[in-house]
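Below is one structure, written out as C-alpha cells; the observations come after it.
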Amino acid sequence: MELFGIGLTVLVLFVSFGFMVGVLFGFFGMGGSFLVTPALLVMGYPARVAVGSGMAFVFGTAVIATLKHHDLGQVDYKLGGLMIVGTSVGIEIGRIGVFYLEDLGLASGVIGVTYVVLLGTIGLFVTYNALNGDGGGGGHHDAANEEIDPDAIPDIAKKIQSYRVPPMMTIAGGIQVSLWMVLGVAFATGLLSGFLGVGGGFIRMPAMFYLIGVPVPVAVGTDLFEIVFSGGIGSFLYGMEGGVDLSIVAPLLAGSALGARIGSAATSIVDEGDIKIYFGLMLLGGSVAVAFRQAGDYLGMEVLSTVSFALILLSALLVSGAVIYSTIATMRARSKAPRTSVD
C-alpha cells in the first residue's frame, strides 16, 4: 500500500520523525534538516534531493514554530530582518557549491564530512560552556524587549561588544552590537544553509547567544523567523533544479506541525541552561551518526550506514523526549508551588 508515492511503513516513519524533529525545531530554532538531510542521504536519496527536500521541510516547520514564538514575544524582527540580507547571498553561493561538487561526484562525501566537523565542534563548545555555566544560566526570558542582566551575557559576547565598529545597532534587551558582526554571522550561516541543506540554526542560534549576546529563547525565535526566509529561498532555488521531493516533505511536515508548536511553547517553560545542554548533546549525537555513515561509505560496510540511521532516529527521540519531559516536570512543579507556600 502506498500514499504520497511511498510505502505505508516509510510514510509512518516520516510522520513520526517529523513530529520529533518538529519538537526540536520549535525548541532550539533548528534541528529540521540537520537531522533530515543526513537521514535521507543514508536512505539512498541523491544529495540534491536530500538537501533540497531538507530545505523545504525547514521552511514549512519554521513557519509553524515562528508563529508560536511570535505569540510568546520571542522574536527580534529588526535583527532577523538584517540577517536575512546576509543569509540570502550566502545561500546562493552554497547552492552553487553543491551542484559543482555533485557534478564531480563529491557532494555526498564533502557534505557528510562538513557535518561531522561542524556538529562535533559546536556541540562540544555549547555543552562545555553550558555545563560550566558560561552566562545565561537559569530562568528564561519571555519577551524580546526585556532588559538583560549583564552577568547573563557570555564573556565572549561581552568581548565582541567591546569593539565598537560603526555602524552600531541596538537589539533585544538593549544590547548594542556592530552591524558588521550581524551581517557576518548571517552570511556564514547562509553559506551553510545553501551548502548543507539546513536552516543554519545549529550555528546561528549559538552564534547569536555567544557572539552577540541575545537571550537563548529570543535567539531561538529570531533564528526561526530568519529561517522562514532562508528556507523559503533555498527550497525555491532547489525546487527549480528538481531537488525537492514533495512525497518526502509532505509527511514530514504533517508530523512536525504539532511537534513545532509543542517545542516552541516549551522555550518559555524549560530552564534556559537546560536548553543549551540539550542543544549541545543533540549536535554531538548527530555528529557521531554522520561519522558512522561516512565510515560506512568509505569502507563499503552497509551495516554502518544502518547504524547511522538508527543513531539519527535515536538522537531525535531522546532529545525531543527530554524536552517534553522537562516541560511536563516544570509545569507540575509550578502547579505545586502555591500549595507549598501556603503550608
Side-chain angles (χ1 to χ4, degrees), residues 14-15 17-36 53-84 87-88 91 140-146 171-173 186 189 193 198-202 204-205 208-209 214-236 244 246 249-270 272 275 278-279 316 319-320 323-324 326-328 330-331:
F14 278 162
V15 172
F17 190 41
F19 171 78
M20 293 185 290
V21 171
V23 172
L24 302 177
F25 207 114
F27 191 68
F28 297 117
M30 57 77 63
S33 52
F34 142 69
L35 293 171
V36 172
S53 299
M55 187 74 76
F57 172 72
V58 159
F59 168 68
T61 308
V63 171
I64 299 168
T66 300
L67 291 174
K68 183 62 180 179
H69 280 278
H70 169 78
D71 294 340
L72 296 170
Q74 295 174 345
V75 181
D76 185 332
Y77 290 102
K78 180 169 66 174
L79 175 61
L82 286 170
M83 294 192 72
I84 289 170
T87 298
S88 301
I91 285 177
H140 48 263
H141 300 259
D142 296 326
N145 59 1
E146 180 180 343
I171 57 176
T189 53
S193 296
V198 298
F202 73 85
R204 183 164 49 242
M205 194 279 274
M208 279 196 285
F209 175 72
V214 180
V216 172
V218 177
V220 171
T222 304
D223 179 34
L224 283 165
F225 168 69
E226 199 280 338
I227 288 174
V228 169
F229 290 88
S230 64
I233 294 170
S235 57
F236 173 76
V244 176
L246 293 180
V249 178
L252 285 172
L253 285 177
S256 73
L258 175 61
R261 299 287 290 182
I262 293 174
S264 299
T267 59
S268 64
I269 300 173
V270 178
E272 189 171 309
I275 295 179
Y278 292 153
F279 181 84
V319 181
S320 61
V323 169
I324 294 174
S326 293
T327 303
I328 295 174
T330 303
M331 293 176 67

Which side-chain N or O atoms in residues 54-61 pair as donor and acceptor under 3.5 Å with protein atoms at least two apart or in another chain?
{"residue": "Thr61", "atom": "OG1", "partner": "Phe57", "partner atom": "O", "Å": "2.9"}
{"residue": "Thr61", "atom": "OG1", "partner": "Ser256", "partner atom": "OG", "Å": "3.2"}

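How far CG of Asp76 is from CD of Glu226: 12.5 Å, rounded to the nearest 0.5 Å. Between the CG atom of Leu246 and the CG atom of Leu252 there is a distance of 11.5 Å, given to the nearest 0.5 Å. Put simply, CG on Asp223 and CE on Met208 are 4.5 Å apart, with the number rounded to the nearest 0.5 Å. With values rounded to the nearest 0.5 angstrom, Thr222 atom OG1 is found 5.5 Å from Leu79 atom CG.
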- Arg261/Leu67 under side-chain contact (heavy atoms from CB on, under 4.5 Å): CA gap, chis, key distance, verdict: CA-CA 9 Å; Arg261 299 287 290 182; Leu67 291 174; 4.1 Å; yes
- Message: Working note: Val244 + Val249, criterion side-chain contact (heavy atoms from CB on, under 4.5 Å); need CA distance, chi angles, decisive distance, verdict.
- Response: CA-CA 8 Å; Val244 176; Val249 178; 4.2 Å; yes
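Looking at Val220 and Gln74, their side chains never come closer than 4.5 Å, going by heavy atoms from C-beta outward.
Residues forming a side chain to side chain contact (heavy atoms under 4.5 Å, CB included) with Ser320 (at least two apart in sequence, or on another chain): Met20, Val23, Leu24. A search for side chain to side chain contact (heavy atoms under 4.5 Å, CB included) contacts involving Thr327 returns Ala266, Ile269, Val270, Val323, Met331, not counting sequence neighbours. When the ring-ring contact (aromatic ring centres under 6.0 Å, His included) test is applied to Phe225, the partners found at least two apart in sequence or on another chain are Tyr77, Phe229.
Judged by distance alone, the side chain of Ser235 and the main-chain N or O of Gly232 form a donor-acceptor pair under 3.5 Å.
The minimum heavy-atom distance linking Leu224 with Ala65 is given by the pair CD1-CB, 3.6 Å. Annotation for Val75 and Gly221: closest pair CG2-O, 3.8 Å, computed over non-hydrogen atoms.
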